[in-house]
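Structure record follows, encoded as structure tokens.
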Amino acid sequence: MPDYVLTNEELSTMVDTNDEWITTRTGVKERRILKGEGKGTSDMAMIAVNELLAKTNTKPEEVDLIICATVTPDHVFPATANLIAAKTNCVNAFNYDIGAACSGFIYALSTGATFIESGRYKKVIVVGADKMSSIIDYTDRTTCIIFGDAAGAVMLEPTTEPLGIIDFIHKSDGKGVDYLRMKAGGSKYPATHETVENREHYVYQDGKTVFKFAVVNMADYAEKIMKRNNLSSDDVAWLVPHQANKRIVDATSNRMGLTDDKVMMNIERYGNTTSATIPTLLWDYENQLKKGDNLVLAAFGGGFTWGAIYVKWAYDPK
Ligand SMILES: CC(C)(COP(=O)(O)OP(=O)(O)OC[C@H]1O[C@@H](n2cnc3c(N)ncnc32)[C@H](O)[C@@H]1OP(=O)(O)O)[C@@H](O)C(=O)NCCC(=O)NCCS
């Protein structure tokens with residue numbers, strides 16, 4: 001988490017908004033912003049990966065693969081995962097990025113798990129990292145109140161116990177481009193003076209439409225993954241939901257029949273950090289997790305992209 005705290009109060013001095021509106025409509029009180037010239041997503045991710053290596057007693061050269069979910073890569077290319085590997089001395093890893101907006105981390109997690117399951121690799125690091133402040137228009141009150149910057153990382157390893165990533169369902173629908181996108185800066189509309197003047201290098205969001213799709217799909221797919229794994233609400237220890245908006249999370253947990261004490265939340269302190277919400281929730285709540293706990297991870301994001309993962313947590317808190 002970057003140090004700089006951007007509060008609702010400070011935002012109220014930048015755009016026509018107020019703490020009460022932001023809190024009731026989104027659940028966000030403050031978010032972190034990465035400050036400093038030349039600092040990018042990989043700088044936050046590097047810290048997360050270094051902490052992960054230390055905590056798991058892993059030598060950097062043992063890492064086989066780093067997958068980084070991000071929509072705010074340091075550069076269009078090379079991949080941010082390559083830069084993270086270089087900064088953390090993971091010299092034997094091959095690395096690539098996944099761009100699936102707010103579902104990026106769950107897409108990357110199941111991809112990483114599949115590499116482990118294949119038996120080909122033993123240590124896969126999955127990173128979710130975004131410097132959303134680099135693509136947010138701080139004159140647009142409908143988006144700047146939501147997003148923040150952060151990075152998180154997890155290590156995947158093989159086990160002979162029936163633990164880990166048990167099941168996943170992922171979906172996408174490209175018609176979402178009309179409702180949530182950054183229009184310019186890609187191959188269709190490369191950067192020009194005009195694209196900059198028109199503020200097309202920032203997130204555009206039709207909040208109402210995104211909200212409707214998110215509420216239905218996150219809840220539907222969280223429920224689907226429970227049903228197909230015969231999990232009742234009593235069986236689920238935790239919902240680990242992408243932190244888009246507290247109201248979207250509430251709709252999902254209600255559908256799953258879960259009480260609030262089983263729902264991980266940190267939107268109040270960090271806002272929507274896109275690819276980083278789920279790994280930073282796991283970091284925040286790690287001490288409360290027990291080996292064998294059933295977790296449902298659920299996300300919805302730009303694309304549209306969405307889905308859910310069933311994880312059986314693999315270790316007790318230290
Ligand atoms: C963006 C979002 C918070 C807006 O909330 P909403 O309840 O849909 O609000 P609306 O867009 O209907 O706006 C209601 C009113 O508040 C105003 N408003 C919008 N942003 C505001 C702000 N920051 N402060 C104060 N008022 C604001 C609007 O102009 C509108 O005023 P009007 O009724 O006079 O036209 C909500 O739509 C949302 O969370 N969408 C999904 C976002 C998301 O999840 N994105 C990431 C994808 S993973």
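First listed ligand is number 1; within each ligand, the first listed atom is number 1.
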Would you mind running through ligand 1 and noting each atom that sits below 4.0 Å from a heavy atom of [X]?
X	answer
His242	48 (S)
Ile145	23 (N)
Cys102	48 (S)
Leu180	47 (C)
Ile248	44 (O)

Do [X] and [Y] come close enough that some side-chain heavy atom pair is under 4.5 Å?
X	Y	answer
Gln243	Asn266	yes
Lys291	Glu161	yes
Val28	Glu268	no

Which residue and non-hydrogen atom of the protein lie closest to [atom], and at what distance in Å?
atom	answer
atom 10 (P) of ligand 1	Lys208 NZ, 3.8 Å
atom 43 (C) of ligand 1	Gln205 OE1, 3.6 Å
atom 39 (O) of ligand 1	Asn245 ND2, 2.6 Å
atom 24 (N) of ligand 1	Thr17 OG1, 2.7 Å
atom 17 (C) of ligand 1	Arg141 NH2, 3.6 Å
atom 48 (S) of ligand 1	Phe300 O, 3.1 Å
atom 40 (N) of ligand 1	Gly207 O, 3.0 Å
atom 14 (C) of ligand 1	Arg25 NH1, 3.6 Å

- Query: So which of Ala244, Cys144, Ala299, Gly302 gets nearest to atom 44 (O) of ligand 1, if we judge by its closest heavy atom?
  - Reply: Ala244

- Option whose closest heavy atom lies nearest to atom 27 (C) of ligand 1, chosen from Tyr179, Phe304, Trp21: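 Among Tyr179, Phe304, Trp21, the closest heavy atom to atom 27 (C) of ligand 1 belongs to Trp21.
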
For [atom], is the nearest protein heavy atom closer than 4.0 Å?
atom	value
atom 34 (O) of ligand 1	no
atom 21 (C) of ligand 1	yes
atom 31 (O) of ligand 1	no

- Task: Establish, yes or no, whether the cationic atom of Lys35 lies under 6.0 Å from the six-membered ring centre of Tyr4 and within 45° of the ring axis.
- Result: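 Yes, a cation-pi geometry holds between Lys35 and Tyr4.
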
- Could Lys208 and Phe211 be counted as a cation-pi pair, given that NZ or CZ must be under 6.0 Å from the ring centre and within 45° of the axis?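 No, cation not above the ring by the 6.0 Å, 45° rule.
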
- Testing Asn272, Thr72, Thr274, Thr80 for side chain to side chain donor-acceptor pair (under 3.5 Å) with Asp130, which one passes?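 Passing option: Thr72.
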
Measuring from non-hydrogen atoms of [X] to any atom of ligand 1, is the shortest distance under 4.0 Å?
X	result
Asn272	yes
Thr274	no
Asp16	yes

- Side-chain ion pair, Arg228 and Asp167, N-O less than 4.0 Å: yes

- How are the rings of His170 and Phe168 set relative to one another: parallel (under 30°), tilted (30 to 60°) or perpendicular (over 60°)? parallel

- Message: Angle between ring planes, Phe115 versus Phe94, binned at 30° and 60°: parallel, tilted or perpendicular?
- Response: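 Answer is perpendicular, since the angle exceeds 60°.
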
- Do we see a donor-acceptor contact under 3.5 Å between the side chains of Tyr202 and Asp140?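 No - no donor-acceptor pair under 3.5 Å links their side chains.
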
- Task: Would you name the heavy atoms of Trp238 and Gln288 that are closest together and state the gap between them?
- Result: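 That would be CH2-OE1, 3.5 Å.
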
- Message: Using every non-hydrogen atom in the two residues, find where Ala129 and Ala151 come nearest and quote the distance to one decimal.
- Response: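 So the two residues come closest at CB-CB, 3.6 Å.
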
- Message: Is it the case that the side chain of Asp293 and the backbone of Trp313 share a donor-acceptor pair, with hydrogens and angles ignored and the cut-off at 3.5 Å?
- Response: no

- Backbone or side chain, does any N or O of Thr26 fall under 3.5 Å from an N or O of ligand 1? no

